[in-house]
Amino acid sequence: MCGRILLSLLTLAVAVFGALYALYFQPLIVMGGRGRVIEPVANSKCAKDKSIQACEKLVLHEPSGLVYMACSMPHLRSLWLPNHGLLNKTGAGFDYLAVYNPATESASRVPLVRFAPSPEPVPSGGTGLSVLGLDVVSSGDPENPHEVFVYVVNNRPPAGNAWAFGPNSVVEIFKGEAGKSLKHVATVRDPLIGIPNDVLGSPDGKSFWITNDKKKGSLQRGLDIIFGRPSTTVTFCRVDEGCKTAARNLRSSNGIAKGPQGEIYVTSTYTSQIYVFEAQADDTLVLTDTIPIGGGGLDNLSVDSEGSIYVAEYPKVFHAHYRHLENPKILSPSAVLKISLNTDESAYYGQKYKIEKIFEDDGKVANGVTTAAYDKERNKLYMHGIASPAFLNCEL
Ligand SMILES: *[C@@H]1O[C@H](CO)[C@@H](O)[C@H](O)[C@H]1NC(C)=O
Ligand SMILES: CC(=O)N[C@H]1CO[C@H](CO)[C@@H](O)[C@@H]1O
């Protein structure tokens, strides 16, 4: 009798494990890139610039052709990266903004004016910036056609114990002429700014959306990744009025960008899909579509002048997030996907979007790419990564 109960319990345990495996673990293993063969695509005509490193996000400013980047140093990312639960404050506060000029083919740091990141102490030799997401938006002022607002996520360390309190994250807003120094205009803090990831700014310098990767606390994040709990949000903030939740119940929201018709795209890293939202009059977001990619993990995205979406894909996302981030010298393969509205015949059969792989590399040329933008005018694909050793520009 006892043996029979034991047997039933064992059968039940096997069944439960099997169901969990099929439901949760197997899709994760496929998305994690097990068995995926890296096929080189367009990786032979690339120029590297090692003077600018560990840039998690880059933004092409189309009117000028300049590429803005939010950068650090690879070894510092392994210490201080609150979005991944890396909370050694020694690595905080040394980051910077950089700009690449295609005319001179050179990159440099952007001088920041009137930026006093109080009240947190700035480490000696530091900048007071711990950057992640970035956006660069033309102000649309006819008197100043090159004026831009630059929004950057600043994951400042807390005054006390970072493991207990998490980061003291804010969004910094700067203003200036494209390619010149930037003047600090606002630091936005709010309880609804948890640990922000990416930012999408407005042309007037007064409001923005952020993807909120997670609340403070990282065991929860691990469980949410495995079980796909929709625990992340998009938050909308006005500089003068504070923040509110614009979209909730999202799975691993990460990159955010705007399309030409005002649609707002958000990548879901660990479910390999893109959410498509429509902004409402009250600045909340209504989900209108999802684009299933079904490949590896997805990261930061950008939209070109014709509305095509470019997204950095991790062929091996867990390798990237757990091995490469902890030791950036361990190579991590990279890929970039282009997603456009399908205008071929197959559109009639329900394939609304066309997904093309336009770049792939095993990590030797492009190590750990997390962000990409395509300059149509110059036929250049720009790439960088959160712990990458170099800025890459490749001819397609
Ligand atoms: C933080 O990083 C520094 C520099 O690598 C190291 O010396 C220190 O032991 C680290 N602190 C902790 C608590 O791990
Ligand atoms: C700005 C942005 O979307 N950030 C993500 C880009 O890539 C890194 C690496 O995964 C993520 O940590 C950022 O959250």
Side-chain angles (χ1 to χ4, degrees), residues 49-57 69-98 109 112 115-134 152-172 187 189 193-198 212-226 254 269 299 314 316-332 363 367-371 384-391:
D49 184 338
K50 291 192 175 173
S51 68
I52 298 292
Q53 300 191 317
C55 310
E56 118 89 6
K57 176 86 188 280
M69 293 174 260
C71 309
S72 181
M73 281 162 246
H75 71 280
L76 296 181
R77 295 287 197 192
S78 309
L79 295 174
W80 182 251
L81 189 55
N83 302 66
H84 288 272
L86 301 170
L87 292 163
N88 184 331
K89 278 161 63 169
T90 321
F94 294 94
D95 298 354
Y96 56 96
L97 300 178
R109 289 186 180 215
L112 301 179
F115 178 54
S118 61
E120 281 64 32
V122 174
S124 101
T127 56
L129 277 178
S130 299
V131 297
L132 204 69
L134 171 76
V152 63
V153 168
N154 189 4
N155 281 322
R156 306 184 304 188
N161 183 337
W163 278 279
F165 300 111
N168 185 5
S169 300
V170 296
V171 172
E172 311 283 4
T187 295
R189 76 197 82 201
I193 299 181
I195 303 184
N197 191 326
D198 201 6
N212 250 322
D213 214 358
K214 65 162 186 262
K215 304 233 170 53
K216 325 230 166 193
S218 60
L219 173 65
Q220 189 64 51
R221 173 184 163 91
L223 292 174
D224 290 352
I225 290 171
I226 295 174
N254 188 331
T269 300
D299 211 320
Y314 299 102
K316 312 226 177 230
V317 63
F318 297 116
H319 175 83
H321 282 176
Y322 294 98
R323 302 212 53 210
H324 168 71
L325 268 186
E326 276 164 25
N327 178 2
K329 294 204 173 92
I330 296 174
L331 298 184
S332 180
N367 181 11
V369 164
T370 59
T371 175
H384 217 313
I386 191 156
S388 297
F391 168 64

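Whatever order the structure lists them in is the order used to number ligands and atoms, beginning at 1. What you see below is based on every heavy atom in this structure, not just the backbone, and it leaves out hydrogens, waters and symmetry mates.
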Visitor: So, is Asn88 polar-close to ligand 1, with some N/O to N/O distance under 3.5 Å?
Guide: yes
Visitor: Give the residue and atom name of whichever protein heavy atom lies nearest to atom 13 (C) of ligand 1, and the separation in Å to one decimal.
Guide: Trp163 CH2, 3.9 Å
Visitor: Can you name the one residue among Asp198, Thr370, Asn197 that meets side-chain hydrogen bond (donor to acceptor under 3.5 Å, both in side chains) with Lys57?
Guide: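 Checked Asp198, Thr370, Asn197 against Lys57; only one passes side-chain hydrogen bond (donor to acceptor under 3.5 Å, both in side chains): Asp198.
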Visitor: Would you check if Trp80 and Leu86 make a side-chain contact, meaning some heavy-atom pair closer than 4.5 Å?
Guide: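 Side-chain contact under 4.5 Å: no.
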Visitor: Grab the two heavy atoms, one from Ala387 and one from Leu325, that are nearest each other, plus how far apart they are.
Guide: CB-CD2, 4.1 Å
Visitor: Any heavy-atom pair between the side chains of Leu132 and Pro196 that's under 4.5 Å?
Guide: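 Result no, sub-4.5 Å side-chain heavy-atom pair not found.
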Visitor: Protein heavy atoms: any of them under 4.0 Å from atom 9 (O) of ligand 1?
Guide: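 Under 4.0 Å from atom 9 (O) of ligand 1, zero protein heavy atoms found.
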Visitor: Please state which protein non-hydrogen atom is closest to atom 5 (O) of ligand 1 and give its distance, to 0.1 Å?
Guide: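 That would be Leu79 CD2, 3.9 Å.
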